[in-house]
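Indexing begins at 1, ligand by ligand and atom by atom, following the structure's order.
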Amino acid sequence: MFLAVGCSSGEEGPGEAAGGVPVVEKGKLTVCTHLPYPPFQFEQGGKVVGFDVALIDLVAKDLGVEQKVLDTPFENFKTGAFLNSGKCDLAAAGMTITDERKKNVDFSVPYFDATQALLATKKSGVKSLADVKSTNKKLGAQAGTTGESYATSQGFDPVAFESSDAVLNGLRTGQVDAVIIDYPVVQGWLKDKANAAEFALGENIETGEQYGFSVKKGNDKLRAAIDKAIEDAKADGTYDKLYEQWIGPLPQGRS
Ligand code: GLN
């Protein structure tokens with residue numbers, strides 16, 4: 001049996017996919033992510049699935065290769081370290097396109113609009129960031145994310161958790177009273193009855209964020225292939241189908 005664990009650039013070494021797109025491992029499209037980040041990427045029945053995974057499968061199909069997902073530290077998405085070292089071809093992590101990140105990586109066209117959500121324990125009575133401040137409650141966020149930087153920009157010093165799982169757990173165990181994290185993640189959590197009994201969505205904050213997939217700076221061939229797959233999926237209805245499958249009803253008034 002072939003085990004991918006521990007080999008950074010694959011048994012076969014680098015290769016070339018359809019259209020002359022370079023890949024770090026022959027026959028694969030190797031994707032760095034940070035698990036779990038439902039509904040964009042999470043494990044289900046021993047496989048990594050989700051909206052991002054489904055979109056990148058379209059890219060892989062166009063390139064005639066197979067997607068391989070690696071779980072890596074979130075910090076790496078900002079620095080682009082794993083793209084630069086040839087560990088991954090691209091990063092897909094429900095990642096917001098920011099000017100700061102653009103210094104180190106190149107982004108695809110935007111593929112998703114997101115907002116930040118404030119989720120609080122019901123017993124805290126917190127409904128907004130202003131409530132967190134005025135009632136002196138504890139706020140949590142995921143380390144290195146745009147939610148964390150938004151909170152910081154508003155004068156908070158949030159408790160940092162390593163993953164979305166840890167954020168939810170921090171809320172559950174009372175380490176924090178409220179958390180700020182991307183809305184689609186909260187939307188997914190609240191579909192679970194046990195979560196909905198204990199936690200409630202406070203405010204939804206329009207930060208104007210858009211997600212993008214990132215490639216190594218200058219990897220224009222792969223970036224163009226990703227853009228094409230996203231544009232094709234939007235044009236032929238596949239994008240909408242996947243959105244409804246993984247995220248929920250399509251936003252109203254979307255063009
Ligand atoms: N969209 C947020 C960001 O880019 C969170 C991403 C994540 O936690 N995977 O920082």
Judged by modelled atom types alone, do Tyr211 and Asp182 share a side-chain donor-acceptor pair under 3.5 Å?
yes
Lys133 to Phe156 six-membered ring, cation-pi geometry met (6.0 Å, 45°)
yes
Heavy-atom contacts with ligand 1 below 4.0 Å: which residues, ordered by chain and residue number?
Tyr37, Phe74, Ala93, Gly94, Met95, Thr96, Arg101, Gln142, Thr145, Thr146, Asp182, Tyr211
Share the residues that join Leu35 in a hydrophobic cluster, the rule being Ile, Leu, Val, Met, Phe, Trp or Tyr side chains under 4.5 Å apart at the heavy-atom level.
Val48, Val53, Val69
Between Phe77 and Phe74, what is the ring plane arrangement, given parallel below 30°, perpendicular above 60°, and tilted in between?
perpendicular
Ring center gap for Phe40 and Phe112 short of 6.0 angstrom
yes
Ignoring hydrogens and geometry beyond distance, is a side-chain donor-acceptor pair present between Gln116 and Glu209 at under 3.5 Å?
yes
